[in-house]
J.: 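Attaching a single structure in structure tokens format; questions to follow.
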Number of protein chains: 2
Amino acid sequence: MAKDGKKPDRRAGERTKTQKSAKKRAKVALEVEAASDGPGGYGTDDRPDVALVVDVAYFAVDRGALVVLLVERGREPDPGRWAVPGAVLEPDEALTDAATRAVVARAGILEPFTRVEQLAVFDAPDRDPRTRVVSTAVLAVTSTPVPPAGGALASGRWWRVDTIGTDGGPTLAFDHLDIVEAGVERLRSRLEQTDVATALVEEPFTLGDLRRAYEAAWGIELEPANFRRKVLATPGFVAQTAGKRIVGTGRPADLYVRGAGAVLHPPIPRPR
Amino acid sequence: MAKDGKKPDRRAGERTKTQKSAKKRAKVALEVEAASDGPGGYGTDDRPDVALVVDVAYFAVDRGALVVLLVERGREPDPGRWAVPGAVLEPDEALTDAATRAVVARAGILEPFTRVEQLAVFDAPDRDPRTRVVSTAVLAVTSTPVPPAGGALASGRWWRVDTIGTDGGPTLAFDHLDIVEAGVERLRSRLEQTDVATALVEEPFTLGDLRRAYEAAWGIELEPANFRRKVLATPGFVAQTAGKRIVGTGRPADLYVRGAGAVLHPPIPRPR
DNA sequence: CCAAAAGTGTTGTGCGTACACCCATGG
DNA sequence: CCATGGGTGTACGCACAACACTTTTGG
């Protein structure tokens with residue numbers, strides 16, 4: 001049963017451009033792996049065949065709406081369509097560093113963003129028509145969705161997520177609609193379990209600000225009274241600071257900053 | 001600010017064996033990405049520098065304990081330590097296919113497993129001392145933890161997860177302890193939200209079987225009466241089938257098979 | 001004085017935990 | 001007849017949604 005450690009040179013005929021037709025092939029290839037490193041290992045001696053990139057689903061809340069940073073593609077494939085910022089992973093680079101690099105190139109943000117979280121790996125063999133590209137999508141947020149500066153950055157734009165795919169909204173390239181949708185869903189989930197909402201508002205913030213961030217991301221309205229109680233009942237979520245803020249009309253609101261805790265006990269449940 | 005599209009050839013001096021020292025370097029590399037494909041793209045024309053593998057955290061329940069499939073390493077690095085099964089991703093292969101291939105090679109399972117889920121990407125630049133290896137860990141389960149057959153498969157073994165790191169238990173290679181821990185935590189979480197528990201028991205099963213699977217994975221005891229009500233109150237989780245089963249002593253139990261639904265509404269909450 | 005937003009108080013309902021109790025089998 | 005596990009019934013308590021009410025500002 002065990003092979004002798006040799007394997008057929010699968011790069012014999014030089015890599016052809018694309019092999020969409022080979023999708024089903026791997027499903028029946030259930031023979032024992034001819035591991036070149038013996039039990040428990042795998043051969044990593046030769047050059048890899050698969051390119052690994054990082055794509056960033058970068059979100060913010062802007063005037064009551066959830067927005068995502070997209071970049072317009074200038075050339076084939078998919079010219080005129082919009083993509084999330086991406087970068088090829090460098091040999092000694094961590095995913096979060098590559099993610100920062102991708103966003104810096106598109107959004108003019110000069111400091112690395114703090115909260116980054118892995119989203120999912122997008123691995124469909126034909127997701128990029130040029131060659132095999134596996135993408136690790138990561139989720140990131142900012143409190144200040146600044147419009148990208150000019151020059152090479154001008155192609156980036158913040159789009160309301162609820163306009164994607166509609167008449168006035170962007171059309172996404174490749175499988176990036178899947179990436180954005182996964183990011184939206186993960187962000188909505190993380191708002192329940194973590195204090196990521198405090199990264200969506202600028203300090204200091206009122207509990208009304210925080211509530212409106214939740215409402216924008218979840219697309220629903222929340223009871224101000226109950227929301228307030230839940231936030232204050234969760235230790236480490238927010239900390240009150242000095243002063244009050246008067247917006248327009250209405251009673252001045254207490255000001256808060258981010259608390260120490262990252263996970264929320266108890267969570268802020270999302271209405272179903 | 002924008003470069004002209006050229007980038008330094010970062011593979012100039014041939015790749016040295018390992019570069020642990022370069023960990024901090026990428027953190028300050030915040031210059032604009034020199035994209036070789038213009039806005040919204042990245043260069044994928046040349047061979048990648050990063051190898052992508054799939055590591056499988058493969059779980060089962062055996063005699064009341066959660067077990068995981070591990071493979072003993074035979075050679076450097078980390079000989080004598082135990083690793084989860086892994087495989088290098090082939091150019092036209094989906095992650096789930098590579099995961100199946102890795103497990104088939106180690107566990108003698110002849111059919112592809114059904115439930116596979118992405119766990120996380122392990123991307124630390126020095127996680128493998130030989131070369132840069134990025135690992136996508138996936139979670140899989142089986143109802144029948146068969147001992148691997150002989151020959152090249154003999155190095156695989158099912159280990160109780162609660163013995164890992166203890167005196168009689170295995171010591172894990174590389175960062176595979178992180179992979180197993182991530183798998184355990186994800187499995188515990190998915191038991192709340194999905195019907196993955198039905199993949200941990202053989203059909204037909206009793207609600208006692210299902211409860212004991214939860215108890216093994218969660219490491220706690222559950223109220224049989226309340227567990228029963230919760231399972232039956234979740235549509236699509238299980239479906240009753242004909243017959244009853246008498247184990248040893250006690251009243252015969254109704255038999256069930258997997259239901260149609262994959263997500264659980266309402267969930268089976270884990271006690272905190 | 002009115003509108004609007006922040007902040008506090010109160011109550012009814014629903015749901016889950018805990019436990020009592022009955023059922024059906026083997027020894 | 002007892003032990004054991006399966007299956008049903010039920011009451012207590014707590015958490016939360018809903019809504020009333022007060023506070024403090026601008027117009």
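The sequence lines fix the lettering, A, B, ..., with proteins before strands; numbering per chain opens at 1. Computed from a predicted model, the values in this text were never measured in an experiment.
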J.: How close or far is atom C1' of C/dG16 from atom CZ of B/F227, stated in whole angstroms?
T.: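 Rounding to the nearest Å, CZ of B/F227 and C1' of C/dG16 are 15 Å apart.
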
J.: Looking at the base of C/dA6, is there any donor atom on it, or on the side chain of A/D254, that sits under 3.5 Å from an acceptor on the other one?
T.: no

J.: For a side chain to side chain contact (heavy atoms under 4.5 Å, CB included) check, start with the C-alpha distance between B/L139 and B/F59, then their side-chain angles and the critical distance, and finish with the verdict.
T.: CA-CA 8 Å; B/L139 170 68; B/F59 293 100; 3.4 Å; yes

J.: Which is more 5' along DNA chain C, the nucleotide nearest B/R251 or the one nearest B/G248? Just name the residue.
T.: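 Looking at DNA chain C, the more 5' nearest nucleotide goes with B/R251.
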
J.: Nearest whole Å is fine: how far is D/dG26 P from A/K244 NZ?
T.: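 That distance rounds to 14 Å.
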
J.: Would you check if B/D55 and B/T136 make a side-chain contact, meaning some heavy-atom pair closer than 4.5 Å?
T.: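 Answer no - side chains too far apart.
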
J.: Could you tell me whether the side chain of A/R229 has a donor or acceptor atom within less than 3.5 Å of a complementary atom in the base of C/dG9?
T.: yes

J.: I want to check one thing: is the phosphate of C/dA6, taken as OP1 and OP2, less than 4.0 Å away from some side-chain N or O of A/R228?
T.: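 Negative; the distance criterion is not met.
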
J.: Given atom CG of A/L232 and atom C1' of C/dA6, what is their separation to the nearest angstrom?
T.: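 Rounded to the whole Å, the gap is 12 Å.
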
J.: Enumerate the residue pairs fulfilling side chain to side chain donor-acceptor pair (under 3.5 Å) with a member in residues 218-228 of chain A, sequence neighbours excluded, ordered by first and then second residue.
T.: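 Only A/N226-A/R229 qualify under side chain to side chain donor-acceptor pair (under 3.5 Å).
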
J.: Can you tell if the side chain of A/W158 reaches within under 4.5 Å of the side chain of A/Y58, non-hydrogen atoms only?
T.: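 They are in contact (side-chain heavy atoms under 4.5 Å apart), so the answer is yes.
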
J.: Would you mind telling me which residue lines up with the more 5' stretch of DNA chain C, A/P224 or B/P271, judged by nearest nucleotide?
T.: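 In this pair, the answer is A/P224.
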
J.: Contact class for A/R245 vs. all strands (heavy atom < 4.0 Å): base, sugar-phosphate, or nothing?
T.: nothing

J.: B/L210 has an atom CG; how far is it from atom C1' of D/dG7, in whole Å?
T.: 16 Å

